[in-house]
Engineer: 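My questions all concern the structure below.
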Amino acid sequence: MTQTEILAKLIEIVRPYSQKSAAMEHVSMETDFIKDLKIDSATLVDVVLDVEDAFGITIDNSAMEKMTNVANTIAVIEDAISRK
């Protein structure tokens, strides 16, 4: 799975949780979930659970803590997929 494919899937996962629908149109690798999309830290747990389901992966707590922006989240997903 390419980064572009992961990004597209990630955007669809994150979209319902974002408080800034206009910002969703400009998601990039630098997008921060809390600052740019106004997703609170408690809701990020729901995002992680949805990511696990969508990609068929398991994310441990240390990796989950890194998932604050798009680039880090994609890196965590890629790592988990490679370990499947």
Side-chain angles (χ1 to χ4, degrees):
M1 184 171 262
T2 67
Q3 277 192 351
T4 303
E5 292 169 327
I6 293 171
L7 177 60
K9 200 171 203 180
L10 182 60
I11 288 171
E12 292 313 309
I13 292 167
V14 171
R15 187 178 305 280
Y17 297 106
S18 177
Q19 306 263 333
K20 294 286 222 171
S21 56
M24 287 302 303
E25 303 307 317
H26 306 288
V27 171
S28 70
M29 295 298 275
E30 293 78 33
T31 300
D32 185 281
F33 295 128
I34 295 170
K35 293 176 190 168
D36 300 325
L37 301 180
K38 305 298 182 209
I39 298 174
D40 63 49
S41 56
T43 304
L44 275 177
V45 174
D46 294 327
V47 171
V48 171
L49 294 173
D50 287 353
V51 165
E52 288 180 322
D53 289 343
F55 291 95
I57 57 176
T58 302
I59 299 170
D60 63 33
N61 288 341
S62 63
M64 187 184 313
E65 291 173 4
K66 298 175 189 172
M67 296 174 66
T68 58
N69 64 40
V70 171
N72 291 349
T73 300
I74 289 176
V76 167
I77 293 169
E78 288 176 324
D79 181 57
I81 289 172
S82 73
R83 290 184 282 115
K84 271 177 49 172

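Just the heavy atoms: all of them, side chains too, but no hydrogens, waters or symmetry mates, feed the values below.
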Engineer: Salt bridge check: are Arg15 and Glu12 linked by an N-O gap of less than 4.0 Å?
Structural biologist: yes
Engineer: Find the distance between CD (Glu78) and OG1 (Thr2) and round it off to the nearest 0.5 Å.
Structural biologist: 9.0 Å
Engineer: Kindly write out the residues that satisfy salt bridge (charged side-chain N to carboxylate O under 4.0 Å, His left out) with Glu65, not counting sequence neighbours, or none if the list is empty.
Structural biologist: none
Engineer: If we only count heavy atoms from C-beta on, is the Leu37 to Tyr17 side-chain gap below 4.5 Å?
Structural biologist: no
Engineer: Determine which pairs satisfy salt bridge (Lys or Arg N to Asp or Glu O under 4.0 Å) with at least one residue from residues 46-59, sequence neighbours left out, and list them in order.
Structural biologist: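 Listed once each, the pairs would be none.
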Engineer: Report the distance from atom NE2 of His26 to atom CG of Asp36, rounding to the nearest 0.5 Å.
Structural biologist: 11.5 Å
Engineer: Nearest 0.5 Å please: distance from the CD1 atom of Ile39 over to the CD1 atom of Ile34.
Structural biologist: 8.5 Å
Engineer: Applying the side chain to side chain contact (heavy atoms under 4.5 Å, CB included) test to Ile11, which of Val27, Thr31, Val70 qualifies?
Structural biologist: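 Answer to the side chain to side chain contact (heavy atoms under 4.5 Å, CB included) test with Ile11 among Val27, Thr31, Val70: Val27.
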Engineer: Does Ile57 belong to the same Ile/Leu/Val/Met/Phe/Trp/Tyr cluster as Val45, with side-chain heavy atoms less than 4.5 Å apart forming each link?
Structural biologist: no
Engineer: I need the minimum non-hydrogen distance between Asn72 and Asn69, along with the two atoms involved.
Structural biologist: N-OD1, 2.8 Å
Engineer: Roughly how far apart are Met67 CE and Leu10 CG, rounded to 0.5 Å?
Structural biologist: 7.0 Å
Engineer: Linking I/L/V/M/F/W/Y whenever any side-chain heavy atoms sit under 4.5 Å apart, do Ile77 and Leu49 land together?
Structural biologist: no
Engineer: Where is the tightest heavy-atom contact between Asp60 and Ser62, given as atom of each residue plus distance?
Structural biologist: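 Taking every non-hydrogen atom into account, OD1-OG, 2.9 Å.
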Engineer: List the atom of Ser18, the atom of Met24, and the distance in Å for their closest heavy-atom pair.
Structural biologist: CB-SD, 3.7 Å
Engineer: Under the side chain to side chain contact (heavy atoms under 4.5 Å, CB included) test against Met64, which residue among Val51, Val48, Leu44, Val47 passes?
Structural biologist: Val48
Engineer: Of all the heavy-atom pairs spanning Ala54 and Ile13, show the shortest one and how long it is.
Structural biologist: CB-CD1, 3.6 Å
Engineer: Roughly how far apart are Lys9 NZ and Thr4 OG1, rounded to 0.5 Å?
Structural biologist: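 Separation between the atoms: 14.0 Å.
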